[in-house]
A.B. asks: 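Please see the structure below; I have some questions.
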Amino acid sequence: MVRPSWKFLLLVALAPAAALASQGAEHGDPVASVVLALTVILVVAKLGGELAVRLGQSAVLGELVVGVLLGNLRMVGYSGLDHLWADPAIDMLARLGVLVLLFEVGLESTVGQMLKVGLPSLLVASLGVITPFALGWGVGAWLLPGHGVYVHAFLGATLCATSVGISARVLKDLGRLQTPEARIILGAAVLDDVMGLVVLAVVTGMIGAADQGASFSVASVVGIVLKATAFLVVSLFLGVRLSPRVFHLASKLHARGVLLALGLALCFLFSWLANVVGLASIVGAFAAGLILEDVHYRDFVDRGEHPLEDLIQPISAFLAPIFFVLMGLRTDLRSFALPATLGLAGALVLAAVLGKQACSLGVWGRGVDRLTVGFGMIPRGEVGLIFANIGVGLTLGGQPIIDRATFSAVVVMVMVTTLVTPIALKFSLERAGR
């Protein structure tokens with residue numbers, strides 16, 4: 001008896017999905033193919049996330065890995081899911097997922113907390129942006145000399161941010177959230193995100209201006225920095241003052257879902273405003289999250305409703321995995337057959353790790369382990385993927401700034417930095433006797 005190969009079994013298992021997708025597209029309701037695609041994406045995302053959590057890793061890593069696997073099934077002879085990575089409906093849901101995800105990240109911090117992080121966190125964050133950006137630019141100039149200065153700058157931008165969620169999750173799992181190192185790491189990670197968004201605004205603004213024929217100048221860079229900073233400052237100032245009044249008035253309404261609807265409306269409004277002034281929409285979503293504090297919607301909570309963070313989580317649990325799986329789907333493993341792509345991925349990983357170790361130079365005072373702070377700033381996670389995805393959508397002269405090979409190298413960097421953080425943090429904390 002001849003046993004079927006695993007490739008054959010895989011084809012048999014996935015063939016119905018491809019057939020149903022084709023049938024849905026040909027017969028009537030156009031949403032049929034979309035909901036089938038969502039079925040596949042959500043199921044594999046949760047399975048991948050569960051496996052990653054059981055292995056002591058972030059669920060984000062599992063969702064990304066299963067996306068990579070689905071996107072490269074063509075390597076074993078199956079191409080029935082290739083259309084997913086370019087599907088406009090899935091892409092739009094993923095973009096909404098990014099906005100909700102950044103809004104949720106912003107909700108985890110407040111303006112008051114940012115002002116209280118102290119000088120150590122500010123120094124750590126500043127070094128954690130400047131050094132990785134310089135190293136990323138250097139890697140691009142060294143390995144991609146023909147791609148132009150804008151690609152080099154964008155690679156630097158993807159290395160700037162730190163994933164607050166992953167760092168907090170690892171420290172919580174290790175029972176070390178109350179240590180001095182944890183407070184510095186989490187404070188600096190939030191500031192990292194803010195500074196990273198400003199860097200992203202500068203880079204995307206330069207690329208947009210160049211695409212319209214404008215030449216690079218120091219004055220234009222300063223202008224973009226001032227515009228991004230002004231948007232954040234004005235948004236936070238007005239938001240903190242006005243949002244309590246708006247939510248108090250809204251609490252007079254007794255229809256279901258008012259708090260959630262108002263929170264999402266604020267997120268989307270700020271995203272639109274950021275786009276209007278020439279910034280990435282995610283800058284506005286993050287700012288909207290920073291503005292809102294528990295005290296702003298206390299009237300809703302006092303009458304028995306869940307806090308906004310709890311209400312957002314189910315929506316994020318639906319939309320965010322679509323984004324992570326889609327990022328994996330767009331990762332082309334065949335590009336790593338080229339030594340140049342493999343070398344770029346390795347160099348980006350090295351720059352990402354070493355760049356964040358410079359953060360330790362910003363730690364001063366006794367009783368704080370510098371190595372732990374440096375390790376805690378390593379993961380790029382969802383923020384790095386968001387930056388990379390924006391790069392894929394940017395064009396200069398009709399050509400994308402980030403090609404699929406470069407994007408794949410960035411995804412590998414994100415995966416490796418996310419994978420090594422729990423191991424490195426556990427080692428450093430045990431070594432320091434925490």
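Predicted model, so just to flag it, every value in this text is computed and none were measured. Numbers here are sequence positions counted from 1.
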A.B. asks: Would you call Val363 and Asp369 a side-chain contact if the rule is heavy atoms closer than 4.5 Å?
C.D. replies: no
A.B. asks: For the pair Ser121 (side chain) and Ile184 (backbone), establish whether a donor and an acceptor sit closer than 3.5 Å, ignoring hydrogens and angles.
C.D. replies: yes
A.B. asks: Please test Val414 against Thr158 for side-chain contact (heavy atoms from CB on, under 4.5 Å), starting from the C-alpha separation and ending with a verdict.
C.D. replies: CA-CA 9 Å; Val414 170; Thr158 61; over 6 Å; no
A.B. asks: If I compare all heavy atoms of Ala228 with all of Ala201, which pair ends up nearest, and what's the gap?
C.D. replies: CB-CB, 3.9 Å
A.B. asks: Tell me, do Asn275 and Val283 make a side-chain contact under 4.5 Å, heavy atoms counted?
C.D. replies: no
A.B. asks: Kindly indicate, with the supporting measurements, whether the criterion salt bridge (Lys or Arg N to Asp or Glu O under 4.0 Å) is fulfilled by Asp299 and Lys252.
C.D. replies: CA-CA 9 Å; Asp299 293 335; Lys252 306 298 182 182; over 6 Å; no
A.B. asks: Do any N or O atoms from the side chain of Ser408 and from the backbone of Asp332 form a donor-acceptor pair under 3.5 angstrom?
C.D. replies: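 Checked: pair present.
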A.B. asks: Tell me whether Ser316 contacts the main-chain N or O of Gln313 through its side chain, where contact means a donor paired with an acceptor under 3.5 Å.
C.D. replies: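 No.
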A.B. asks: Out of curiosity, Ser243 OG to Tyr297 OH, how far, rounded to the nearest 0.5 Å?
C.D. replies: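 With rounding to 0.5 Å, OG (Ser243) is 10.5 Å from OH (Tyr297).
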A.B. asks: Show your reasoning for whether side-chain contact (heavy atoms from CB on, under 4.5 Å) applies to Val40 and Leu70.
C.D. replies: CA-CA 10 Å; Val40 174; Leu70 286 183; 4.3 Å; yes
A.B. asks: Supply the atom-to-atom distance Met413 CE to Leu344 CG, rounded to the nearest 0.5 angstrom.
C.D. replies: 10.0 Å
A.B. asks: Shortest non-hydrogen contact from Leu253 to Arg303?
C.D. replies: O-NH2, 3.0 Å
A.B. asks: Are a donor atom and an acceptor atom from the side chains of Arg330 and Asn389 found within less than 3.5 Å of each other?
C.D. replies: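 Yes, because at least one side-chain N or O of Arg330 sits under 3.5 Å from a partner of the opposite role on Asn389.
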A.B. asks: Carefully, step by step, assess Trp137 and Leu155 under the rule side-chain contact (heavy atoms from CB on, under 4.5 Å).
C.D. replies: CA-CA 6 Å; Trp137 185 307; Leu155 286 177; over 6 Å; no
A.B. asks: Taking Gln357 for its side chain and Val353 for its backbone only, find out whether a donor-acceptor pair lies under 3.5 Å.
C.D. replies: yes
A.B. asks: For Lys426, I'd like to know if atom NZ has over 12 heavy atoms of other residues, nucleotides or ligands within 6.0 Å.
C.D. replies: no
A.B. asks: Kindly give the heavy-atom pair with the smallest separation between Thr417 and Arg380, and that separation in Å.
C.D. replies: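 Distance-wise, the nearest heavy atoms are OG1-N, 3.4 Å.
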A.B. asks: Do Met195 and Ser126 have side chains that approach each other closer than 4.5 Å (heavy atoms only, starting at C-beta)?
C.D. replies: yes
A.B. asks: Let's go through Val373 and Lys356 carefully: what are the C-alpha distance in whole Å and the side-chain angles of both, what is the deciding distance for side-chain contact (heavy atoms from CB on, under 4.5 Å) to 0.1 Å, and is it a yes or a no?
C.D. replies: CA-CA 9 Å; Val373 173; Lys356 291 299 183 180; over 6 Å; no
A.B. asks: Could you tell me whether the side chain of His296 and the main chain of His248 form a donor-acceptor pair under 3.5 Å?
C.D. replies: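 Judged by distance alone, no pair lies under 3.5 Å.
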A.B. asks: Using only atom types and a distance under 3.5 Å, with no angle test, would you say the side chain of Lys46 pairs donor to acceptor with the backbone of Ile41?
C.D. replies: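 Checking the backbone N and O of Ile41 against the side chain of Lys46, no donor-acceptor pair under 3.5 Å is found.
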A.B. asks: Does the plane of the ring in Phe427 sit parallel, tilted or perpendicular to the ring in Phe375? Use 30° and 60° as the thresholds.
C.D. replies: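 Taking Phe375 first and then Phe427, their aromatic rings sit tilted (interplane angle of 30° to 60°).
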A.B. asks: Do Thr204 and Ile390 make a side-chain contact, defined as non-hydrogen atoms from C-beta onward lying under 4.5 Å apart?
C.D. replies: yes
A.B. asks: Answer yes or no: is there a side-chain heavy-atom contact under 4.5 Å between Thr395 and Ile401?
C.D. replies: no
A.B. asks: Can you tell if the side chain of Leu84 reaches within under 4.5 Å of the side chain of Leu326, non-hydrogen atoms only?
C.D. replies: no
A.B. asks: The test is salt bridge (Lys or Arg N to Asp or Glu O under 4.0 Å); show your working for Arg95 and Asp91 and say whether it passes.
C.D. replies: CA-CA 6 Å; Arg95 290 175 183 271; Asp91 180 70; 2.7 Å; yes
A.B. asks: Taking all atoms of both residues into account, what is the closest heavy-atom pair of Glu63 and Ala45, and its distance?
C.D. replies: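 Nearest pair, atom of Glu63 first, then Ala45: CG-O, 3.4 Å.
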A.B. asks: Do you know which of Leu61, Leu385, Val65 makes side-chain contact (heavy atoms from CB on, under 4.5 Å) with Phe324?
C.D. replies: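 Testing each of Leu61, Leu385, Val65 against Phe324, the sole residue satisfying side-chain contact (heavy atoms from CB on, under 4.5 Å) is Leu385.
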A.B. asks: Taking the side chain as every heavy atom from C-beta outward, state whether Leu266 and Phe270 have any pair of such atoms under 4.5 Å apart.
C.D. replies: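 Yes, at least one pair of side-chain atoms sits under 4.5 Å.
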A.B. asks: Return the CD1 to CG distance between Ile185 and Leu425, rounded to the nearest 0.5 Å.
C.D. replies: 5.5 Å
A.B. asks: Looking at every non-hydrogen atom in both residues, tell me the closest pair between Cys359 and Gly128 and how far apart they are.
C.D. replies: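 Closest approach of Cys359 to Gly128, heavy atoms only: SG-CA, 3.4 Å.
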A.B. asks: Just how far is it from atom CG of Asp310 to atom CG of Leu260, taken to the nearest 0.5 Å?
C.D. replies: 11.5 Å
A.B. asks: Show your working on salt bridge (Lys or Arg N to Asp or Glu O under 4.0 Å) between Arg183 and Glu181 and close with a plain yes or no.
C.D. replies: CA-CA 6 Å; Arg183 287 193 289 270; Glu181 292 85 359; over 6 Å; no
A.B. asks: If you compare all heavy atoms of Leu232 against all heavy atoms of Ala287, which two are closest, and at what distance to 0.1 Å?
C.D. replies: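 For Leu232 and Ala287, the tightest heavy-atom pair comes out as CD2-CB, 4.1 Å.
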A.B. asks: Could you tell me which residues satisfy side chain to side chain contact (heavy atoms under 4.5 Å, CB included) with Ala285, sequence neighbours excluded, listed by chain and number?
C.D. replies: Leu99, Leu102, Cys267, Ser271
A.B. asks: Does any non-hydrogen side-chain atom of Phe286 lie less than 4.5 Å from one of Asp193?
C.D. replies: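 Yes - at least one pair of side-chain heavy atoms lies under 4.5 Å apart.
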A.B. asks: Rounded to the nearest 0.5 Å, what separates atom CG in Leu64 from atom CG in Leu69?
C.D. replies: 10.0 Å
A.B. asks: Could you grab the distance from atom CG of Leu311 to atom CG of Leu262, nearest 0.5 Å is fine?
C.D. replies: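 Interatomic distance, Leu311 CG to Leu262 CG, rounded to 0.5 Å: 11.5 Å.
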